[in-house]
Asker: 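Right, I'll just put the structure down here and ask away after.
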Amino acid sequence: MSIHIGASKGDIAESVLLPGDPYRARYIAEKMLEDVKCYSVVRGMLGYTGFFQGKRISVQGTGMGLPSLSIYVNELIDFYGVKNLVRVGSCGSMQEEIKLKDLIVAMSSCTESNVNQRNFRGMDFAPTADFGLLLNAYNFAKDKDLKVHVGSVLAADVFYPEDKEEWKLWANHGVLSVEMETSSLYTIAARKKCRALSVLTVSDSIVTGESCSTLERERTFTTMVEIALAALLQ
């Protein structure tokens, strides 16, 4: 039994969806899975296991930021044998053509955090998605005629940066959006020989200042979940 999840062996499936918001985890479990059981309420970070089209799937809230996600991903893999991890989260667009509620599949992740530099003795590591999961997600989206953007995202340490123009440095290098978790997800998965992917919905536009409501973030970002589930089924 792990410290931060507290589930028993066997409670968690090998394939897990990772929303940052625990209430989104509950919403996904109740609306999209069958025969659902809650396995964790530790610190309010809800976790559920159920079935989607006959496949056993878990949904675990991770909280916000690289350190919080890292705790849950490490414990899911080390204590519960999880092999496939797909983040389903929100992000802020850095490109004018990427609009509110557009979908992004993260091929790679930049970061402003120094976590990886500490791990790699000051050198850079380029965290990338599992190609199989990415290809599954992209093909499903195309088959359903869903528009998805595929490329690099920025995993930020700071939600309210002092430098309000810094995002343009990343945008000018083709980074699609900013969020706060993917770099650690991909790095941990690589180290532990697991598969990982981030499928994101644009909740904010840094370019225009537009933003979705809290309730929209919790309950209306279901298309990315459908893509994530399809990626895990293949």
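Heavy-atom basis, side chains included; hydrogens, waters and symmetry copies ignored.
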Asker: Heavy atoms only: give me the nearest Cys110-Ser152 pair and the separation to one decimal.
Answerer: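 It is SG-OG, 3.3 Å.
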
Asker: Could you check whether Thr49 and Ser58, counting side-chain N and O atoms only, form a donor-acceptor pair closer than 3.5 Å?
Answerer: yes

Asker: By the rule that ILVMFWY residues connect when side-chain heavy atoms come within less than 4.5 angstrom, directly or transitively, which residues belong alongside Trp170?
Answerer: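 The other cluster members (ILVMFWY side chains, heavy atoms under 4.5 Å, direct or chained) are Met94, Leu154, Trp167, Val175, Val178, Ile206, Val207.
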
Asker: Starting from Val148, can I reach Leu100 by hopping between I/L/V/M/F/W/Y residues whose side chains sit under 4.5 Å apart?
Answerer: no

Asker: Using only atom types and a distance under 3.5 Å, with no angle test, would you say the side chain of Ser183 pairs donor to acceptor with the backbone of Ala155?
Answerer: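 Between the backbone of Ala155 and the side chain of Ser183 there is no qualifying donor-acceptor contact (under 3.5 Å).
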
Asker: Side chains of Tyr39 and Ile5, heavy atoms from C-beta outward: is any pair under 4.5 Å?
Answerer: yes

Asker: Under a 3.5 Å distance rule, please check whether Ser213 uses its side chain to pair with a backbone N or O of Glu216 as donor and acceptor.
Answerer: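 Yes, the answer is positive, given that a donor and an acceptor are paired below the 3.5 Å cut-off.
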
Asker: With a 3.5 Å cut-off and sequence neighbours excluded, list the donor-acceptor pairs that the side chains of residues 115-125 form with protein atoms.
Answerer:
residue, atom, partner, partner atom, Å
Asn116, ND2, Thr187, OG1, 3.0
Gln117, NE2, Asp124, OD1, 3.4

Asker: From the options Ser211, Ser177, Ser90, select the one residue that forms a side chain to side chain donor-acceptor pair (under 3.5 Å) with Asp204.
Answerer: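 Result: among Ser211, Ser177, Ser90, Ser211 is the only option passing the side chain to side chain donor-acceptor pair (under 3.5 Å) with Asp204.
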
Asker: Is any side-chain heavy atom of Met180 less than 4.5 Å from a side-chain heavy atom of Asp157?
Answerer: no

Asker: Could you walk me through whether Gln53 and Leu33 pass the side chain to side chain contact (heavy atoms under 4.5 Å, CB included) test, one step at a time?
Answerer: CA-CA 8 Å; Gln53 296 183 12; Leu33 302 183; over 6 Å; no

Asker: Hey, could you give me the CG/CG distance between Asp102 and Leu146, rounded to the nearest 0.5 Å?
Answerer: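 Answer rounded to 0.5 Å: 11.0 Å.
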
Asker: In terms of hydrophobic clustering (I, L, V, M, F, W, Y; side-chain heavy atoms under 4.5 Å; direct or indirect links), are Leu17 and Phe79 co-clustered?
Answerer: yes

Asker: Is there a side-chain hydrogen bond (donor to acceptor under 3.5 Å, both in side chains) between Thr182 and Ser109 once you walk through the steps?
Answerer: CA-CA 6 Å; Thr182 297; Ser109 180; 5.1 Å; no

Asker: Between Ala106 and Leu134, what is the shortest heavy-atom contact and its length?
Answerer: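 Nearest heavy atoms, Ala106 then Leu134: O-CD1, 4.1 Å.
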
Asker: Step by step, work out the salt bridge (charged side-chain N to carboxylate O under 4.0 Å, His left out) result for Lys192 and Asp78.
Answerer: CA-CA 9 Å; Lys192 294 180 181 291; Asp78 292 346; 3.1 Å; yes

Asker: Any donor and acceptor pair, going by atom type alone, linking the side chain of Glu181 with main-chain N or O of Gly65 inside 3.5 Å?
Answerer: yes

Asker: Less than 4.5 Å apart, any side-chain heavy atom of Ser198 and any of Val86?
Answerer: no

Asker: Can you find a heavy atom in the side chain of Ile3 that is under 4.5 Å from one in the side chain of Glu75?
Answerer: yes

Asker: Ignoring hydrogens, what is the shortest heavy-atom contact between Phe159 and Pro161? Give both atom names and the distance.
Answerer: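 So the minimum-distance heavy-atom pair works out to O-CD, 3.2 Å.
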
Asker: Kindly give the heavy-atom pair with the smallest separation between Leu197 and Leu133, and that separation in Å.
Answerer: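 Result for this residue pair: CD2-O, 3.6 Å.
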
Asker: Atom NZ of residue position Lys83 - does it have more than 12 heavy atoms of other residues, nucleotides or ligands inside 6.0 Å?
Answerer: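 Check fails, neighbour count at 12 or below.
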
Asker: Distance-only, no hydrogens or angles: does the Glu34 side chain make a donor-acceptor pair with backbone N or O of Phe52 under 3.5 Å?
Answerer: no

Asker: Hey, does the side chain of Asn136 reach the backbone of Gly132 with a donor-acceptor pair shorter than 3.5 angstrom?
Answerer: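 Side chain of Asn136 to backbone of Gly132: a pair is present.
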
Asker: Spell out, as yes or no, whether a donor-acceptor pair under 3.5 Å connects the side chain of Lys101 to the backbone of Thr220.
Answerer: no

Asker: Working to the nearest 0.5 angstrom, can you tell me the gap between Glu218 CD and Arg26 CZ?
Answerer: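 Those atoms lie 6.5 Å apart.
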
Asker: According to a 4.5 Å side-chain heavy-atom criterion applied to Ile, Leu, Val, Met, Phe, Trp and Tyr, with indirect links allowed, do Tyr27 and Tyr23 form part of one hydrophobic cluster?
Answerer: no

Asker: May I ask you to check whether Tyr80 and Ser2 show a side-chain donor-acceptor distance below 3.5 Å?
Answerer: yes

Asker: With a 4.5 Å cut-off on side-chain heavy atoms, are Arg219 and Arg24 touching?
Answerer: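 No, every pair of side-chain atoms sits at 4.5 Å or beyond.
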
Asker: Using side-chain heavy atoms (C-beta onward) and a distance below 4.5 Å, is Leu200 in contact with Glu179?
Answerer: yes

Asker: With a cut-off of 6.0 Å (strictly less than), are more than 12 heavy atoms of other residues, nucleotides or ligands near NZ of Lys99?
Answerer: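 Atom NZ in Lys99 is crowded, with more than 12 foreign heavy atoms closer than 6.0 Å.
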
Asker: Which value, rounded to the nearest 0.5 Å, describes the distance between Met224 atom CE and Cys91 atom SG?
Answerer: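 Separation between the atoms: 9.0 Å.
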
Asker: Can you see which heavy atom on Val202 is nearest to which on Phe221, and at what distance?
Answerer: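 In this case the closest contact between Val202 and Phe221 is O-CZ, 4.5 Å.
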
Asker: Which value, rounded to the nearest 0.5 Å, describes the distance between Leu103 atom CG and Glu226 atom CD?
Answerer: 9.5 Å

Asker: Mark yes or no for whether Ser40, through its side chain, and Leu46, through its backbone, hold a donor-acceptor pair below 3.5 Å.
Answerer: no

Asker: Do the side chain of Asp11 and the main chain of Ala7 share a donor and acceptor less than 3.5 angstrom apart?
Answerer: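 Pair absent, no side-chain N/O of Asp11 close to backbone of Ala7.
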
Asker: Is there a chain of hydrophobic side chains (I, L, V, M, F, W, Y, each step under 4.5 Å between heavy atoms) that links Ile28 to Leu69?
Answerer: yes

Asker: Do any N or O atoms from the side chain of Gln60 and from the backbone of Met45 form a donor-acceptor pair under 3.5 angstrom?
Answerer: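 Such a contact is found between Gln60 side chain and Met45 backbone.
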
Asker: Could you work out the complete set of other residues in the hydrophobic cluster of Leu135, with links drawn between I, L, V, M, F, W and Y side chains under 4.5 Å apart?
Answerer: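 Grouped by the 4.5 Å side-chain rule, Phe131 form the rest of the cluster around Leu135.
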
Asker: Please assess Leu85 against Ile77 for the test side chain to side chain contact (heavy atoms under 4.5 Å, CB included), listing each intermediate value before the final yes or no.
Answerer: CA-CA 9 Å; Leu85 307 106; Ile77 296 170; 4.1 Å; yes

Asker: Is Lys164 atom NZ crowded by more than 12 heavy atoms from other residues, nucleotides or ligands, each under 6.0 Å away?
Answerer: yes

Asker: Are the side chain of Asp130 and the backbone N or O of Arg195 linked by a donor-acceptor pair below 3.5 Å?
Answerer: no

Asker: Among the clusters formed by ILVMFWY side chains lying less than 4.5 Å apart, do Ile104 and Leu232 turn up in the same one?
Answerer: no

Asker: Supply the atom-to-atom distance Leu176 CG to Met107 CE, rounded to the nearest 0.5 angstrom.
Answerer: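 Leu176 CG to Met107 CE: 8.0 Å, rounded to 0.5 Å.
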
Asker: Answer yes or no: are there more than 12 heavy-atom neighbours, outside Arg56 itself, under 6.0 Å from its atom CZ?
Answerer: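 It does: Arg56 CZ has more than 12 such atoms within range.
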
Asker: Count the heavy atoms belonging to other residues, nucleotides or ligands that lie under 6.0 Å from CG of Leu215, then report whether that count exceeds 12.
Answerer: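 Yes, enclosed.
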
Asker: Determine whether more than 12 heavy atoms belonging to other residues, nucleotides or ligands lie under 6.0 Å from atom CD of Glu96.
Answerer: no

Asker: Mind listing the closest non-hydrogen atom pair of Ser68 and Met64 along with its distance?
Answerer: CB-O, 3.5 Å

Asker: Roughly how far, to the nearest 0.5 Å, is CG of Leu229 from OG1 of Thr222?
Answerer: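 Taking OG1 in Thr222 and CG in Leu229, the distance rounds to 10.5 Å.
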
Asker: Under 3.5 Å, is there a donor on one side chain and an acceptor on the other for Ser93 and Gln95?
Answerer: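 No donor-acceptor contact under 3.5 Å links the two side chains.
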
Asker: Using side-chain heavy atoms (C-beta onward) and a distance below 4.5 Å, is Leu18 in contact with Val88?
Answerer: no

Asker: What I'd like to find out is whether the side chain of Asn84 reaches to under 4.5 Å of the side chain of Val16, using heavy atoms alone.
Answerer: no

